[in-house]
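Since the structure is predicted, the reported quantities are computational estimates derived from the model, not experimental observations. In what follows, chains carry the letters A, B, and so on, assigned in the order in which the sequence lines appear, proteins first and then strands, with residues in each chain numbered from 1.
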There are 2 protein chains.
Amino acid sequence: MGASKTTTYSIQENSVAKYAKALSHPARVAIMNLLLKKQACVCGDIVDELPLSQSTVSQHLKALKEAGLIKGDIEGASVCYCIDEKEWTKAKTQLNQLFEKLYINTGKCC
Amino acid sequence: MGASKTTTYSIQENSVAKYAKALSHPARVAIMNLLLKKQACVCGDIVDELPLSQSTVSQHLKALKEAGLIKGDIEGASVCYCIDEKEWTKAKTQLNQLFEKLYINTGKCC
DNA sequence: CATATTGATCGTAAAGTTACGATTAATATT
DNA sequence: AATATTAATCGTAACTTTACGATCAATATG
């Protein structure tokens, strides 16, 4: 009858979900936008640009860092954040491959 | 506190976050993979392919539907799901535009 | 008509997210 | 040395997500 339910999720599925989750909050998209525009940014500058408290921004930065999308460099008392280009490209490729899969529906339904 | 006001972020930021959120769980990526492969799928078939209960799958389908990525057609007692091509393309474009923004870091830090 | 199948929805528990202020550790400045 | 600045972390409250079983309405089949 039915197919097996044995599958846990594939590497691709977990990977796409991880990157998507990192970008699943507008504040984190806004942070990425800032880093893409400025190339590098001190944490305090990001706090100034967003309508969020320092601790909340720090939390969002942590999430992006854990997904691998950004990295931080200590610069004295400040921390300079920037995009992890290698990982950003990897995320881009992973998501692109998912979106590329579509070929136009020949009309089974919908 | 849970959510954030949608008005505080740009349309692009909210839009990207919305699509990313839809894909932020491996089960939902798996569902999209299935629909991309088969072009159309009865809900029950999706349940058979995933290690989740019927109600949980239905919940994930609802999330994808609310993000606009899929649509469902009633076929007798069953419901046939497929990708909303227009919205899928929109999501693709939105995410692509974000990822395209990167030009290589000239070395401010990191 | 009676019963089975299908899939949405309800109720609910556990876990996770998001937000903030307070605190802490590190570095800078006076 | 004393104080200010910076950003991570802690503690906590409120909300959301994820999961499941139970139930319901709609269709299908005997």
**Q** Over how many whole Å does the gap from B:D48 atom CG to C:dT5 atom P extend?
**A**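 In whole Å, C:dT5 P lies 13 Å from B:D48 CG.
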**Q** Would you mind telling me which residue lines up with the more 5' stretch of DNA chain D, A:C43 or A:Q59, judged by nearest nucleotide?
**A** A:C43
**Q** Can you measure A:L64 atom CG to C:dT17 atom P for me and round it to whole angstrom units?
**A** 13 Å
**Q** Please report the C-alpha distance between B:N33 and A:L98 in whole Å, then the side-chain angles of each, then the deciding distance to 0.1 Å, and finally whether the side-chain contact (heavy atoms from CB on, under 4.5 Å) criterion is met.
**A** CA-CA 8 Å; B:N33 276 158; A:L98 179 72; 3.3 Å; yes
**Q** Would you say the side-chain atoms of A:S15 pair up with the backbone N or O of A:Q12, donor to acceptor, closer than 3.5 Å?
**A** no
**Q** B:Y9 has an atom OH; how far is it from atom C1' of C:dT18, in whole Å?
**A** 10 Å
**Q** Please determine, by modelled atom types, if A:S55 and A:S58 share a side-chain donor-acceptor pair under 3.5 angstrom.
**A**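 Short answer, no.
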**Q** For C:dA19 and A:H60 - does any side-chain N or O of the residue sit under 4.0 Å from the phosphate oxygens OP1/OP2?
**A**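 Checking A:H60 against C:dA19: at least one side-chain N or O falls below 4.0 Å of OP1 or OP2.
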**Q** Mark yes or no for whether A:R28, through its side chain, and A:K21, through its backbone, hold a donor-acceptor pair below 3.5 Å.
**A** yes
**Q** When we call it a touch if two heavy atoms are under 4.0 Å apart, what does A:V42 touch: a base, just sugar-phosphate, or nothing?
**A** sugar-phosphate
**Q** Rounded to the nearest angstrom, tell me the gap between atom CD in A:E66 and atom P in D:dA8.
**A** 12 Å
**Q** Which whole-number value in Å describes the distance from A:L52 CG to D:dA7 P?
**A** 16 Å
**Q** Is any side-chain nitrogen or oxygen of A:Y81 closer than 4.0 Å to OP1 or OP2 of D:dA8?
**A** yes
**Q** DNA chain C: B:V79 or A:P51, which has the more 5' nearest nucleotide?
**A**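 Closest to the 5' end, via its nearest nucleotide, is B:V79.
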**Q** Starting at NZ of A:K62 and ending at C1' of C:dA19, how long is that distance when rounded to a whole Å?
**A** 15 Å
**Q** For B:N14 and B:S10, indicate whether the former's side chain and the latter's backbone hold a donor-acceptor pair under 3.5 Å.
**A** yes
**Q** Would you check if A:L23 and A:L69 make a side-chain contact, meaning some heavy-atom pair closer than 4.5 Å?
**A**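 Yes - at least one pair of side-chain heavy atoms lies under 4.5 Å apart.
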**Q** In whole angstrom, give the distance that lies between atom CD1 of A:I70 and atom C1' of D:dA7.
**A**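 It works out to 13 Å between those atoms.
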**Q** In whole angstroms, how far is the C1' atom of D:dA7 from the CG atom of A:L61?
**A**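 From A:L61 CG to D:dA7 C1': 9 Å.
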**Q** Would one find a side-chain N or O of A:K21 under 4.0 angstrom from OP1 or OP2 of C:dT17?
**A**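 A:K21 to C:dT17 OP1/OP2: side-chain N or O found under 4.0 Å.
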**Q** Reading nucleotides 21-29 of chain D from the 5' end, what letters show protein touch, with B for base, S for backbone sugar-phosphate only, - for no heavy atom under 4.0 Å?
**A** BB----SS-
**Q** Below 30° counts as parallel, above 60° as perpendicular, anything between as tilted: where do the rings of B:Y9 and A:H25 land?
**A** perpendicular
